[in-house]
Each structure stands twice: as structure tokens, then as C-alpha cells.
Amino acid sequence: MTTRRNLVVVRAGDNSVHPGWVSGPQRNFDLYVSYFGNQPDRYADHAEYHENRKGMKWPVLGELLQAHPDLIDRYDYVWLPDDDLVADTDTLNRMFDLAAAFRLALAQPALTRNSYYTWPLLLQDPRYVLRYTRFIEVMAPLFDREALRTCLPSFTESNSGWGLDFVWPRLLEARGPRALAILDATPVWHSRPVGGGELYKRTGMNAAQDDMQRLFARYGLDRSAQMEARYVSGGVREVGLPPWRRLLDAITRPLRRANARRLERRAQRKRQQTASLHET
């Protein structure tokens, strides 16, 4: 039985890029492929879980996770990405590690600067490890267990998924101002144009807009929720060493290594002497 503490659940079509996510030799996440294409069991061989199911992303994910609460119990974090996000295994490993290290309730990887995008806020800012925000897009949300349980009932309330990314921050307000973040250190490439996927072929833009309006009315949201998708409230940066400190480190590193070897040899001689005394 798997001991990995993270799970990726992807609604995958025939052109899904998710095989690249699991191409690395080591990963800290399991993969659940919910396949909606026309070749049953197409991706079953390289996933821990697999199903064949037609339907829209968010209602299907809602039904799947509600039917299998053991999946939520088993994993600390669950990522629910679209199937056109290009990333390697190491990037996703670090994404999960960062979310856990900063105890994030809801997060997402930033998008590379050459990605197709809707919200400029989500494009990578290389100055940051992560930025705290009040908005995580439905394209690639990463939930911790508690946040997923809180937000799960909303998944089936929008056929298109539109509006959910404005609802989730409100549902998670009790987690505090540092609960949501964009992970700039682990960017992914959104490889297909926005508005060109299966979602819009099936429902059309007007139906998606209607979904959002219904959600806004249900949760008492107004235009201010959309304005929050434009701003960050702080972030975490990597602080580099000043030049003199880097030079000192480069000069003294060989001396530190030599000293470590000397101490290890001394410890080994003492162990040998102790062993000889016991033998006599």
C-alpha cells in the first residue's frame, strides 16, 4: 500500500500532458486519472487509481471525492489540475513540500511567463518563493485535507467551475490571511489557449457566466470578490548571501571539509581502540 502523503486527481482527455508529471524516478504523490476520452483505460498503467467517466470537471470531481472519502482521509494534500499543465516530477514534489512547509490551506503553482492565462496575478514572479493572495484559480487548486472537506460541497454547484475560485477564499476565511498562496518557486506551463477546451465546446461562455452569477447570489458575493483576484497581500522571498559572505564560504569550504575528515578519522581510531580493549 502506498505511503505517499499527497494525491493528484486529473480529469484527463486524449491529449492530456499528465504523463510528464510522473516521469521522474521519485515522487511524493500518487496519481488518480479520471479519464473522459474515447479510449477506455488509456492511462491506467501509470496511475495508482483510474476510472473512465464522462462529464464536466468539477461536478465529476465532487461526485468522485464524495463517493470516496477515504481518499481525503489518506492524503494530506490533493491537487486538482487541468490536464494541459506541463510540469516535471521534481516541480510537483516541491510544490507539495512548500504547501506543507508553509501550512497552506489552498494554493496553486504559478504559471510560467509564456503561459496562456486569464489573471496576470497568477504569472510567476521570480522574486518570490510564494505570494499570499485571496484568489486561487480553478485551473490548478491545491487543497489540504481540511480545506478540501470545507470546499468539496461547492464542487457540484457549478457545472463549468466558473465562480468556484471566488467562493473558496470566503469559505476558508477562518484559516487566516496566510492560508492561500501562489507558489512562484514551482511554476507550470499552461500550454493551451484559455477558452479553447472541452468546457467551452460543451457549455459555451454564456452558460459558464450563468454558473458564476448563481454562485455569487448563493454565497452573497459581489464585484469586490473579483477585484481581489488582482492583488497579493505579501509574500516570501529567498534572501541571498552578500558577495563577501559567498567569497568567504568558497574560501573556507575546503578547510571545513578537511577538518570534518580529520575529526572522522580521529573518531574511527577511538572506536578501533575501544574495540581492541574489549577483545583483550
Sorted by chain and residue number, the salt bridge (Lys or Arg N to Asp or Glu O under 4.0 Å) partners of R113 (sequence neighbours excluded) come out as none
Within-4.5 Å side-chain heavy-atom neighbours: D30 and R4:
yes
Gap separating the CZ atom of R214 from the OG atom of S158, nearest 0.5 angstrom
7.5 Å
Taking C-beta and beyond as the side chain, do H18 and H46 meet within less than 4.5 Å on heavy atoms?
yes
Can you classify the ring geometry of F166 versus F135 as parallel (below 30°), tilted (30 to 60°) or perpendicular (above 60°)?
tilted
May I ask you to test the V10-L31 pair for a side-chain heavy-atom distance under 4.5 Å?
yes
Are E238 and R127 close enough for a salt bridge, meaning some N to O gap below 4.0 Å?
no
Under 4.5 Å between any side-chain heavy atoms of I72 and L152, yes or no?
yes
Do Y77 and F143 make the cut of ring centroids closer than 6.0 angstrom?
no
Using 0.5 Å steps for rounding, measure from the CG atom of N114 to the CD atom of Q124.
10.0 Å
Enclosure of Y117 OH (heavy-atom neighbours >12, cutoff 6.0 Å)
no
For R5, is there an ion pair with D97 - N to carboxylate O distance below 4.0 angstrom?
no
Other residues, nucleotides and ligands only: do more than 12 of their heavy atoms fall within 6.0 Å of CD on Q26?
no
Pairs under 3.5 angstrom only: tabulate donor-acceptor contacts from the side chains of residues 167-192 to other protein residues two or more places apart or in another chain.
| from | atom 1 | to | atom 2 | distance (Å) |
| --- | --- | --- | --- | --- |
| W168 | NE1 | S154 | OG | 3.0 |
| E173 | OE2 | R134 | NH2 | 3.3 |
| R175 | NH1 | D144 | OD1 | 3.4 |
| R175 | NH1 | D144 | OD2 | 3.4 |
| R175 | NH2 | D144 | OD2 | 2.7 |
| D184 | OD1 | D125 | N | 2.9 |
| D184 | OD1 | R131 | NE | 3.3 |
| D184 | OD1 | R131 | NH2 | 2.8 |
| D184 | OD2 | R131 | NE | 2.7 |
| H190 | ND1 | Y116 | O | 2.8 |
| H190 | NE2 | D84 | OD2 | 2.9 |
| S191 | OG | D84 | O | 2.7 |
| R192 | NH1 | D83 | OD1 | 3.2 |
| R192 | NH2 | N15 | O | 2.3 |

hydrophobic_cluster_shared for Y128 and M95, side chain cutoff 4.5 Å:
no
I want to check something: taking the side chain as every heavy atom from C-beta on, are Y32 and E48 in contact at a cut-off of under 4.5 Å?
no
In this structure, would M227 and L164 fall into the same cluster of hydrophobic residues linked by side-chain contacts under 4.5 Å?
no
Non-hydrogen atoms of E137 and W119 that approach each other most closely
OE2-CD1, 3.6 Å
Would you kindly say whether D76 and N6 are connected by a side-chain donor-acceptor distance under 3.5 Å?
no
Could you tell me the separation between the CG atom of N159 and the NZ atom of K57, rounded to the nearest 0.5 Å?
13.5 Å
Between the CZ atom in R53 and the OG atom in S34, the distance rounded to the nearest 0.5 Å is 5.5 Å
Identified ring pair (Phe, Tyr, Trp, His ring centres under 6.0 Å) partner of W21 from the options F29, W79, Y43, F96
W79
Working to the nearest 0.5 angstrom, can you tell me the gap between H68 NE2 and D73 CG?
13.0 Å
Provide the closest heavy-atom pair for V60 versus K54 in the form atom of the first, atom of the second, distance.
CG2-O, 3.7 Å
Quick check for you: to the nearest 0.5 Å, what is the distance between R94 atom CZ and L98 atom CG?
5.0 Å
Contact between Y231 and L121 at the side-chain level, heavy atoms closer than 4.5 Å - yes or no?
no
Below 4.0 angstrom, N of the basic side chain to O of the carboxylate: do K270 and E264 qualify?
no
Would a 4.5 Å heavy-atom cut-off, applied to side chains only, mark T156 and W58 as touching?
no
Report yes if the side chains of F36 and R11 come closer than 4.5 Å at any heavy-atom pair, otherwise no.
yes
